[in-house]
Amino acid sequence: MEKIGFIGIGKLGLDCAEVMAEKHEVRGYDVAPRVSDTVKVCDIAELVSESDWIFIAVPTPHSEGYDGSVPSSHMEPRDFGHDAVIDAINKVNQYANGVSKKVVLISTVLPGTTRRKFITLLDPVHQFLYNPYLIAMGSVKWDMANPEMVIIGTEDGSLTGVAGELIDLYKTIMNNDPRYEVGTWDECESIKIFYNTFISAKVGLVNMIQDFALRIGHINVDVVTNALARSTMRIMGPKYMTAGMGDAGACHPRDNIALRWLAKEYDIGYDLFDTVMHAREIQAKNLALFLVDQARANNLPVVIHGKAYKPDVEYCIGSYSTLVGFYVKEAGMPVVYVDPLADDPAEVVDTVDGPAVFLWAHNRKITYEYTGDQKDTQPYCLIAAGSIIVDPWRKLTSSEGITVIHYGNTRD
Ligand SMILES: NC(=O)c1ccc[n+]([C@@H]2O[C@H](COP(=O)([O-])OP(=O)(O)OC[C@H]3O[C@@H](n4cnc5c(N)ncnc54)[C@H](O)[C@@H]3O)[C@@H](O)[C@H]2O)c1
């Protein structure tokens, strides 16, 4: 049994610490009050002195307005904030009393940051690994024990002793048999963040096909994307190959937004990330204008069904629903949301009294299908007869008094 400490037990850190606590002695420290049945929440002095491994999962936030929930591709690119990571490193130095610790940074940072900003601060008595997670909200514990790969960064990219020890530690908690990818800190920062931007680009491409389907006609976007998804010789696997809502959440949009800064900083000469983010915004605008057209033609209000960035979670950060809502309002039409979980109550209503144009933003079957069989999203409120549901996932069927429009299918 290993002695493990987590500095930062928020959305990512707490669940990960609890998975580790099924097999190990785990402590957690956070600047905000936190509770857990299995992780011992303690002060920083105890955490550092009693733990051999110290995982850092503190935030690396972007500035206000840079999360992707409102347009930002026109704004000055910026790096993430590193104050919390620097604070955590300083606290490890302060409370370790010269005893060597195995320090593992999980927080997402841009390539080059660890070497430039963090290593110089850490007391050389400690051993350091950069180990970002490919974890999504709503399935943190499952993702932690079933990762596609574990990314471990060392100074020179070799499998050092402590990197091998970390692999042995992970083997005690894994349900699958993941790849272990070992590289330099900088390579591992790159693996993490370019993994995310590949997903954003992929979603941007399939949603682009959806835009063309609407303009050209006689095209069901699914026929096109399913054929591409099955083209594993050249194009890769089928995930994120269903056109629908845009890429969203606390990580992907902001990673792209931050990479815009990196592209400028290193004078790459072009900004692919800006293009991906700009496309995402225009795709949201196109969907918003489609809703507005439906609403005006039928004299109905617009309701977005699902405000959080995906089903089953409360987080509205980086939400594509609110980005669509932004453009609905920009077109001069009010918008409300229904979502029993949403952590941002602005414009959220519990019930919708009459018929409306609903955007079916959430589809939990599609979002979580990789974790096993999933139930469909159930209505969050009564959908009155006379309503129109715009389904960007093309799964619902029309019923008595309710018309479903499959956004992206213009075949018939
Ligand atoms: N949430 C995810 O799914 C996810 C996935 C992969 C990577 N990440 C990355 O992991 C990091 C943490 O993300 P999160 O979603 O858990 O953020 P979060 O804000 O939910 O949690 C961070 C926690 O750290 C605490 N904290 C802040 N400053 C601190 C300090 N100086 N000392 C101790 N605790 C401090 C906060 O109170 C909070 O509880 C970020 O870099 C994020 O990009 C998150």
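In each ligand, atom 1 is the first atom listed, and ligand 1 is the first ligand listed.
- D211 and N286 form a side-chain donor-acceptor contact under 3.5 Å, judged by distance and modelled atom types alone.
- Nearest residue to atom 23 (C) of ligand 1 from D30, I89, D15 is D30 (criterion: closest heavy atom).
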_Run the side chain to side chain donor-acceptor pair (under 3.5 Å) test on T113 and E189 for me, step by step, so that the C-alpha distance in whole Å, both residues' side-chain angles and the decisive distance to 0.1 Å come before the verdict._
CA-CA 8 Å; T113 305; E189 291 161 333; 4.8 Å; no
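- At least one test fails for R394 against the ring of Y407: distance under 6.0 Å to the centre or angle within 45° of the axis.
- Screening Y368, Y320, Y380 against H362 for a ring pair (Phe, Tyr, Trp, His ring centres under 6.0 Å) leaves a single residue, Y380.
- Nearest heavy atoms, V150 versus P178: CG2-CG, 4.1 Å.
- Taking only non-hydrogen atoms, the option from H252, M137, H82, R34 nearest to atom 2 (C) of ligand 1 is M137.
- Taking distance alone, with nitrogen or oxygen atoms compared against 3.5 Å, K91 stays at or beyond that limit from ligand 1.
- Counting protein heavy atoms only, atom 13 (O) of ligand 1 is closest to L12 CB, 4.2 Å.
- Taking every non-hydrogen atom of D87 and a distance limit under 4.0 Å, the qualifying atoms of ligand 1 come out as 30 (C), 31 (N), 32 (N).
- Across the listed options G10, P59, P33, P59 owns the non-hydrogen atom lying nearest to atom 24 (O) of ligand 1.
- Taking only nitrogen or oxygen atoms, main chain and side chain alike, A136 does not reach within less than 3.5 Å of ligand 1.
- Ring orientation note: the planes of H305 and W360 are close to parallel, at an angle under 30° on the 30°/60° scale.
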